[in-house]
Amino acid sequence: MLKNYLLTPGPTPIPPRVLETMARPIIHHRTPEFQRIIQEVEEDLKYVYQTKNEVLIFTASGTGAMEGAITNLLSLGDKALVVRGGKFGERFGEICQAYGIEFVALDVEWGKTVDPKKIDDILKKDKKIKAVYTTLCETSTGVATDIEAIGRVLKNYEAALVVDAISGLAAIPIKTDEWGADVVVSGSQKGLMIPPGLAFVSVSPKAWQMIEKSTLPKYYFDFKAYKKALGKTDTPFTPAVNLMIALREALKIIKEEGLDVIFERHKKMAFAVRGAVKVMGLELFSPDAYSDGVTAVKVPQGIDGEKLVKIMRDKYGVGIAGGQDELKGKIFRIATMGYITATDLIVCIATLETVLSEMGYKFQLGSGVGALEETLK
Ligand SMILES: *Cc1c(COP(=O)(O)O)cnc(C)c1O
């Protein structure tokens, strides 16, 4: 018999209160009952986004909204600046390519964070850049980006600031309005604690002006259609009704605890994880720019990283994430967001110790859990 624990940076576990709401009979989406759900969800999303802007809701995974953040903002001939410090930064570049948008790639070594000054330097030279694409938490490397500093740079330019906060929202702070983030993209299956299937974007007045002029092709992710529908408390297409109901409950839970309390909890948990792995002799992958939502750890010499993740999952029921692309087998990642609790971390680090020890890694068994407990208490 196996009991499952999920500590991956998406999907994340779902609170029972949320799960229960999804078992209720389906309701029709063109009804006053569903309109109330749209209203509540919209209001609470604004709270989580810390914005007065509209937050548009799509039935899609997060990437759908990333694509929309390109096709709605830009026109053929426009240029973009894409910060690429991991798999998800690269994705913005891939989408630009798919739509024939020329972009300047600001490549950042994986595990490091972007220097906002470099963005300033590029924008100073290239006046054709209309939007800067960044990632709040680069989930593939466990790196957090200083969006506030980038926002300060962008205040001096016309270019819009786009932030992929798919794994960052409700996990680590993002002050959409205060930091001047024009378009903030997110998804349902990470800090928001519901299953995959919903994507979100907040859109600033400045971004709406760009959207008015945008000529790139779009249909399903046409932001204007969603704005128009939202104005009538409606959706342009059939929404994921049950996910919306789940989201309403998840947002209630978030509001009850309070964003600041949540961020402090994640911070403490991530700090404890970093401390625990270091005591075990392991190295952090991004020691200078870590995110408090996910911790990336280097797989020690002589250990098969893919096998480590597989044994933890298949033999012990503990799901952590491995590395992606060039980091395959080289790192593993432990999430500290959403419904992942301190108790889950104790289970996770204890299992990590068990499996590493089984695989022949030499360290003091129990040292990681001990350090974790010291920090968490
Ligand atoms: C998970 C994630 C994505 C991809 O989202 P999907 O829901 O898989 O489309 C994009 N960016 C970041 C930073 C992510 O963490």
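We number each residue from 1, following the sequence as shown. We count ligands from 1, going down the list as the structure has it; atoms in each ligand are counted the same way.
Side-chain atoms of Ser214 come within 3.5 Å of backbone N or O of Leu74 as a donor-acceptor pair.
Here Gln189 has side-chain heavy atoms under 4.0 Å from ligand 1, and that is the only part of it that gets that close. Heavy atoms of Thr63 found under 4.0 angstrom from ligand 1 belong to the backbone as well as the side chain.
Set against the non-hydrogen atoms of Ser61, the atoms of ligand 1 under 4.0 Å away are 6 (P), 7 (O), 9 (O).
Not a single heavy atom of Lys87 sits under 4.0 Å from any atom of ligand 1. In this structure, Met66 counts as a contact residue of ligand 1, since one of its heavy atoms falls inside 4.0 Å of the ligand. Contact annotation: Cys137 has at least one heavy atom less than 4.0 Å from an atom of ligand 1.
Counting protein heavy atoms only, atom 1 (C) of ligand 1 is closest to Lys190 NZ, 1.3 Å. Remark: minimum distance from atom 15 (O) of ligand 1 to any protein heavy atom is reached at Thr139 OG1, 2.4 Å. From the protein, the heavy atom lying nearest to atom 3 (C) of ligand 1 is Phe88 CE2, 3.4 Å. Protein heavy atom in closest approach to atom 4 (C) of ligand 1: Arg91 NH1, 3.5 Å. Closest to atom 11 (N) of ligand 1, if we only count protein heavy atoms, is Asp164 OD2, 2.6 Å.
Using the six-membered ring where Trp is involved, Phe34 and His29 have ring planes that are perpendicular, over 60° apart on the 30 and 60° scheme.
With respect to Glu257 and Arg265, a salt bridge is recorded, a charged nitrogen being found less than 4.0 Å from a carboxylate O. Under the 4.0 Å criterion applied to side-chain N and carboxylate O atoms, Glu33 and Arg36 are not assigned as salt-bridge partners. A salt bridge links Arg30 and Asp234; the closest N-O separation between the charged side-chain nitrogens and carboxylate oxygens is under 4.0 Å. Using a 4.0 Å cut-off between charged nitrogen and carboxylate oxygen, Asp121 and Lys125 do not count as a salt-bridge pair.
Open room surrounds OH on Tyr290; 12 or fewer heavy atoms of other groups in view lie less than 6.0 Å from it.
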Q. Stepwise, does the salt bridge (charged side-chain N to carboxylate O under 4.0 Å, His left out) test hold for Arg248 with Asp44?
A. CA-CA 8 Å; Arg248 174 174 65 174; Asp44 291 350; over 6 Å; no

